[in-house]
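Notes follow once the structure below has been shown.
We're numbering straight along the sequence, starting at 1. Whatever order the structure lists them in is the order used to number ligands and atoms, beginning at 1.
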Amino acid sequence: MMKRIDQPTDVLKGIGNETAMNLANMGIQTIGDLLNYLPFRYEDIRLRDLAEVAHDEKITVEGTVHSEPSLMYYGKKKNRLTIHLLVDKYLIKVTFFNRAYLKGKLSPQDVITVSGKWDKHRQLITGQDLKIGSPQTPNADFEPVYPVKGSVTVKALRRYIIQAFNEYGDDIEETLPGFFMEKYKLPAKKIALQNMHFPQSQEEVKQARRRFVYEEFLYFQLKMQAFRKFEREQSEGIGQQYDLQKIKMFIQSLPFQLTNAQKKVVNEICADLKSPYKMNRLLQGDVGSGKTAVAAIALYASVTAGFQGALMVPTEILAEQHLESISGLLEPVGVKTALLSSSVKGKKRRIILEQLQNGEIDIIIGTHALIQDEVDFHKLGLVITDEQHRFGVEQRRVLREKGESPDVLFMTATPIPRTLAITVFGEMDVSTIDEMPAGRKTIETHWAKHNMLDRILEFVEKELKKGRQAYVICPLIEESDKIDVQNAIDVHDVLSNYFHGKFKTGLMHGRLPSAEKDEIMKAFSNNEIQLLVSTTVVEVGVNVPNATVMVIYDAERFGLSQLHQLRGRVGRGREQSYCILLADPKTDIGKERMRIMTETNDGFKLSERDLELRGPGDFFGKKQSGLPEFRVADMVHDYRALETARNDASMLIEQKEFWENPDFVPLRNYLKASGALSGEKLD
Ligand code: ADP
Ligand code: MG
């Protein structure tokens, strides 16, 4: 039998076919949907003393109509109704546009309640809402406002919800386990819904919201944790029996001592390699925190276990640099490394492909060329991708499927705030390098207005005269690659004139063929070019220790994490380095962002602040954010609840009781329906 609450909305009075369709358009099909349709804000309908209300604020007042309202027509159908209203001791004006019918309903001495925007200077309310008589809901201080679509009005929706609640409220079923409601003192669902729809106080809304936030996170995390558990247990990974002695000796042979943070993450990764489960781990660490060394150790471990390793990076320059540093570390211990990118061609390419297939090459480093069909491995054991957010999910999957069931490590230098990490990467394990190698100089960061360019160029010249090099990053206009390139060309023209005869300048942008990009980068690396004008293509990875100045045009257009990445191009050598942000931000947030950059060199702090200021949608860039959407919860502001829910979910999923106790039926049913238990994709 159908549950009463699952009946279509048109069983309610006043809802006919058409309204039911309109509601369905808003995702409301059943009585249950209607009851669960939550307000997104509340309107303050407390009556207030006019003297206390600020200009342009929205207010509700009760008053007495003072004289006959006047109606004025202008244009064909447009009109304005003006009411003189006596509110306490003040005589104010109220206007309504295009609501001529109100005139006939109002006469002097009527008591009315009006809501609208208060123009303090003109002592005028631009009316939005009018009720004859005193406020109808004398108990409540505010009214819920719902998102509506089409011809459904908020008022009508309120009426439907009141009716639904009166007739079906008792049928609302609990969806949170009693155990957690008790533990966190959360209101039951029926009470929480009642308090969201008809609150008597702010506190009631707060408590109700707390419940829905937790519930939403718990369901979400449960799905993630179930998926993670499934991935670990169902997919047969390889237990890599590496040679611990060799690894220890290799670590000893490094030109530096590992930081404690590096040791910690090396241990986490090695434990994963050895376990029979497939590793699915994110390694994050600020620029320069020493991820490459960690990657080299992991790759070496895999090689000592008799497997091959692959390291995939987003650009050719980066691939070459990684090859250089990794082969520098690994060739001495007898590991054969090679590079594969689209510029490796002909015979050379054939040989590499052959040696990959027969296992002569131990470690291959390359761009997305690694995921082409022609690439076959002998025995792929470990796949590492650097700057993983630049590769799509699909590319990551293709690479992973090249081996039998290789372990996978994603590296990123964009520290991901914890709250995002456990949401977006909730199905992954996360390792964090949260410590810098000792003795790093902090980069001095300054914020300057564009009209100070002359002084900045003088400063750049001074540094170049000392034998140093500089980067100049051009404005970024995301919508148009073409404009980006033009900007870079223009800036380069100006600067090459300025430094003409003194220093050599170079220009780099995304439209150049990659061979040319490589050439320019090499020339800069060899100090044949002293000043490099570039778009953000230099953002990731490149290492030119002699460069000490980074100038960024229109810095306010960049994300903080991106600015931090760019800044990370300098400060890589012994000398003091500088980052100069050219920016004329118009908004307070923009100014705040520039200020933060000058105050901290800590990538994690920056990313947390960036997330707060810009919100999760902008954090990764709109296109590939992959962020889940929550109805009530906000993963930035409610991050504590998110963490709690994650812990609860991962505990639950491991317990026998969860699969047996009737308290968990709604959660279990949800999991079954979500596909997470069969390893189907997550949305
Ligand atoms: P990331 O890839 O995290 O940006 P790298 O691995 O490129 O950082 O390391 C940056 C620099 O620091 C390299 O020159 C590397 O040799 C050096 N380095 C790495 N680990 C340490 C350490 N523990 N102590 C000193 N220097 C280190
Ligand atoms: Mg790196």
Side-chain angles (χ1 to χ4, degrees), residues 247-269 281-301 309 311-315 317-333 337 363 365 367 384-391 409-416 430-443 471 521 525 536 538-548 550 561-575 577 579 601-604 606-607:
I247 298 173
K248 278 188 175 162
M249 271 162 57
F250 173 61
I251 291 174
Q252 296 263 306
S253 78
L254 292 175
F256 43 75
Q257 260 214 306
L258 293 186
T259 61
N260 286 330
Q262 280 171 315
K263 283 185 202 156
K264 181 190 71 191
V265 304
V266 164
N267 281 331
E268 287 166 351
I269 292 167
R281 186 172 283 280
L282 177 74
L283 171 61
Q284 53 172 349
D286 214 339
V287 236
S289 62
K291 292 183 296 298
T292 313
V294 171
I297 298 168
L299 289 167
Y300 181 62
L311 174 60
M312 183 159 87
V313 299
T315 66
I317 301 167
L318 208 51
E320 280 179 29
Q321 286 200 346
H322 267 97
L323 179 77
E324 203 174 304
S325 51
I326 285 184
S327 66
L329 297 172
L330 287 174
E331 297 274 345
V333 287
T337 55
I363 307 284
I365 295 170
T367 55
I384 303 182
T385 67
D386 197 7
E387 298 308 333
Q388 59 82 31
H389 64 282
R390 288 170 178 259
F391 290 111
L409 182 69
F410 304 101
M411 300 204 292
T412 179
T414 307
I416 298 161
V430 179
S431 285
T432 303
I433 307 184
D434 50 8
E435 177 190 8
M436 285 299 220
R440 285 279 155 78
K441 277 215 162 74
T442 42
I443 301 161
Y471 294 95
M521 213 48 234
S525 194
T536 52
V538 296
E539 180 186 343
V540 279
V542 290
N543 189 26
V544 181
N546 190 47
T548 56
M550 167 61 67
S561 291
Q562 201 176 12
L563 288 175
H564 183 62
Q565 285 294 310
L566 288 167
R567 175 166 66 182
R569 293 312 105 217
V570 297
R572 306 177 82 83
R574 285 171 203 289
E575 312 298 337
S577 288
C579 174
N601 267 290
D602 180 332
F604 274 95
L606 282 175
S607 72

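Residue-level proximity to ligand 1 for Leu258 is carried by the backbone, the only part with a heavy atom below 4.0 angstrom. For Asp286, every heavy-atom contact with ligand 1 shorter than 4.0 Å involves the backbone, none the side chain.
For a threshold of 3.5 Å applied to N or O pairs, the pair formed by Arg572 and ligand 1 contains no separation below that value. An N or O contact shorter than 3.5 Å links Gly288 to ligand 1 by distance. Checking only distances, Gly290 does come within under 3.5 Å of ligand 1, N or O to N or O.
Ligand 1 lies less than 4.0 angstrom from a heavy atom belonging to Ser289. Contact analysis leaves Asp386 out of contact with ligand 1, as no non-hydrogen atom separation drops below 4.0 angstrom.
With a 4.5 Å cut-off on side-chain heavy atoms, Gln565 and Val287 count as touching. Considering only heavy atoms from C-beta on, Phe604 comes within 4.5 Å of Thr432 through its side chain. Here the side chains of Leu330 and Phe250 are in contact, with some heavy-atom distance below 4.5 Å.
Atoms of ligand 1 lying under 4.0 Å from any heavy atom of Thr259, numbered from 1 in the order shown and given with element: 23 (N). Of all atoms in ligand 1, numbered sequentially from 1 with element shown, those under 4.0 Å from a heavy atom of Gln262 are 19 (C), 20 (N), 22 (C), 23 (N). Listed by atom number, the atoms of ligand 1 under 4.0 Å from Gln257 heavy atoms are 22 (C), 23 (N), 24 (N). Ligand 1 places these atoms under 4.0 Å from at least one heavy atom of Val287: 4 (O).
In terms of the side chain to side chain contact (heavy atoms under 4.5 Å, CB included) criterion, residue partners of Ile251 (sequence neighbours excluded) are, by chain and number, Ile247, Leu258, Ile297.
Between the side chains of Thr548 and Glu575, no donor N or O sits under 3.5 Å from an acceptor N or O.
Note that CG of Asn601 is 9.0 Å distant from SG of Cys579, once rounded to the nearest 0.5 Å. The distance from atom NZ of Lys263 to atom CD of Glu268, rounded to the nearest 0.5 Å, is 14.5 Å.
The residue from Leu254, Thr412, Thr292 that puts a heavy atom closest to atom 6 (O) of ligand 1 is Thr292.
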Intermediate values then yes/no, side chain to side chain contact (heavy atoms under 4.5 Å, CB included), Lys291 and Thr412: CA-CA 9 Å; Lys291 292 183 296 298; Thr412 179; over 6 Å; no
